[in-house]
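So the structure is just underneath, and the comments pick up after that.
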There are 2 protein chains.
Amino acid sequence: MTKPPQAGSEDATAGLRAIPEASVARLAVYLRKLGELAEEGAETVSSDELAGATGVNPAKLRKDLSYIGSYGIRGVGYEVAALVHQLERTLGLNHRQAVALVGIGNLGHALAGYGGFGGRGFPVAALFDVDPDLVGIHINGILVEHVREIPRVCADRGVTIGMIATPGQVAQGVCDLLVEAGVRCILNFAPVVLQVPDEVEVRKVDLAVELQILAFHVARKNLATAATAPAVNGHAARGVVNGSGGLAE
Amino acid sequence: MTKPPQAGSEDATAGLRAIPEASVARLAVYLRKLGELAEEGAETVSSDELAGATGVNPAKLRKDLSYIGSYGIRGVGYEVAALVHQLERTLGLNHRQAVALVGIGNLGHALAGYGGFGGRGFPVAALFDVDPDLVGIHINGILVEHVREIPRVCADRGVTIGMIATPGQVAQGVCDLLVEAGVRCILNFAPVVLQVPDEVEVRKVDLAVELQILAFHVARKNLATAATAPAVNGHAARGVVNGSGGLAE
DNA sequence: CGATGTGAAACGTTTCACAGCG
DNA sequence: CGCTGTGAAACGTTTCACATCG
């Protein structure tokens, strides 16, 4: 397609190069659904089925799968087991990714105990905090160590992914330590924009921002309903915008 | 621009209509940074400054702000206080949004206690679970009620945003209850794709997917370094691809 | 002059429509 | 015939470059 970059390149390299970011995110979703389908005993899925179950347009799904050098069978669909295997390979789930979690507060605790990680190929290999009450204890069998140990411990245990769940003020400092330790992919839960070198990939999960986006849509919907009905009505925004009887606080 | 929809529309309606999704997400980020700047006593910011602090291209920032009917001063920048006010109005933060949280497990506990919500205009108005050990207790002063109460309680308290932090198997059922209760914006932490009517807005926070995206990038980077360096170096991937001495599990 | 606001080009993503194969 | 795989069109987003104005 684009053109063969080099003649003798492994198929591993060939497939991985040019997958759009947006597709990668969906591949993970397909993979999860395929896991469920496999458990239910399904042997094949059509793009329509899988697309329906994952809330995606079938054409988009087929294009996504075509990026990984697809293994579909025309007239039939995709073989579930084979597709699972290809997706896992593409997403780098064939070699385990050791994860370090920094910040064992409310959220950190929850993340440390979250089944979705260890269960699905992301063993939490290290926990860090600065609180003396936390350093030294074990969570889910993992020792909480002091943040200053990050460079040593991460290097030792081959940590490839860091998760930051600290308060915002210290997140950048923690990030710098992780980068120093050679961690090049970071999942940031702290409400700050991290500054990192180009070679480091940061993804952000920002709960406050998510809520604000939804708040925007609440406002949009209120205006929409206020605008549809009233053309005749004068000022129909009445109870909609400010009609919250009595909130809990 | 697009065209004035109706002559005498309030400026509130005029500005809100056509803001791109991608911009809305960033507006929330600008708002947070502006809050910090205000606390530091800044009176104005230039697009370059604010863009730098939020990791965004300055032109993009200016375009984003132009959507809300911008209040910048040429040659100077933006007045911080005024911009904060405009952003809050645009994001629907002037009237509080009552939030309901369903699923008080690991993650739910953390969310219920998270300061970023109540502090910033999102009072948690209701908590729900099915576990008899949880129903009846208070968390952060809020009573945990049974999931079956969702329709009544949400309607009573004017809940506009629902958060689902349940196991995947029950998330769709919970979602249906929320929708039935009139909640039209949902933040979903459960690892499933929710099926909702068109008028309901769902945003998904999917930790496992985030990690898998990062895992993909780890794999990509390994291939990149394996491909760039070694032209001279032989096999430079040394400890990178399979150098994980001993993982924790 | 310096920073905003914005057409227009570049880029990425989604969707359509259908050729091609099992 | 049915479903995949994929050019090409449509759409949304980002970036550039510069006119505009305080």
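By convention in this document, chain letters (A, B, ...) are assigned in the order of the sequence lines, proteins followed by strands, and residues within each chain are numbered from 1.
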Checklist line | A:K221: partners by salt bridge (charged side-chain N to carboxylate O under 4.0 Å, His left out), with sequence neighbours left out | finding: none
Next item on the list: State which residues pass salt bridge (charged side-chain N to carboxylate O under 4.0 Å, His left out) with B:K60; sequence neighbours excluded, sorted by chain then number.
Entry: none
Next item on the list: For B:E43 and C:dA3, give me the distance from atom CD to atom C1', rounded to whole Å.
Entry: 18 Å
Notebook entry, point to check: Between atom CZ in B:R74 and atom P in D:dC21, what is the gap in whole Å?
Noted result: 6 Å
Margin query: Using a 4.0 Å cut-off on heavy atoms, which residues in residues 50-64 of chain B reach DNA chain D? List them by number, or say none.
Written below: B:N57, B:A59, B:K60, B:R62, B:K63
Notebook entry, point to check: Among all residues two or more places apart in sequence or in another chain, which pass the side-chain hydrogen bond (donor to acceptor under 3.5 Å, both in side chains) test with B:E210?
Noted result: A:R203
Check: Starting at CG of B:L65 and ending at P of C:dT6, how long is that distance when rounded to a whole Å?
Finding: 11 Å
Margin query: Using whole Å, what does the distance between atom C1' of nucleotide C:dT4 and atom CD of B:Q86 come to?
Written below: 16 Å
Note to self: Does anything in residues 20-27 of chain A come within less than 4.0 Å of DNA chain C? Heavy atoms only, and list the residues if so.
What the structure shows: A:P20, A:E21, A:A22, A:R26
Check: Reckon B:G72 touches a base, only the sugar-phosphate, or nothing at all at heavy-atom distances under 4.0 Å?
Finding: sugar-phosphate
Notebook entry, point to check: Above 12 or not: heavy atoms from other molecules or residues under 6.0 Å from CD of B:E39?
Noted result: no
Next item on the list: With heavy atoms under 4.0 Å as the rule, sort B:G75 into base, sugar-phosphate or nothing.
Entry: base
Next item on the list: Please answer whether the main-chain N or O of A:D64 pairs with a side-chain N or O of A:R26 as donor and acceptor at a distance below 3.5 Å.
Entry: no
Note to self: With a cut-off of less than 4.0 Å, is there a side-chain N or O of A:S46 near OP1 or OP2 of D:dC3?
What the structure shows: no
Checklist line | Listed partners of A:Q172 passing side chain to side chain contact (heavy atoms under 4.5 Å, CB included), at least two apart | finding: A:C175, A:D176, A:L194, A:Q195
Checklist line | By salt bridge (charged side-chain N to carboxylate O under 4.0 Å, His left out) - contacts of B:E180 (at least two apart) | finding: none
Checklist line | For atom CD1 of A:I68 and atom P of D:dT4, their distance in whole Å | finding: 14 Å
Notebook entry, point to check: Does B:Y78 place a side-chain N or O at less than 4.0 Å from the phosphate oxygens OP1/OP2 of C:dG5?
Noted result: yes
Check: Got a sec, which pairs hit salt bridge (charged side-chain N to carboxylate O under 4.0 Å, His left out) with one end in residues 41-51 of chain B, sequence neighbours left out?
Finding: none
Notebook entry, point to check: Atom CG of A:D48 and atom C1' of D:dG5: how far apart are they, to the nearest Å?
Noted result: 14 Å
Checklist line | Pairing residues for B:K204 by the salt bridge (charged side-chain N to carboxylate O under 4.0 Å, His left out) criterion, not counting sequence neighbours | finding: B:D206
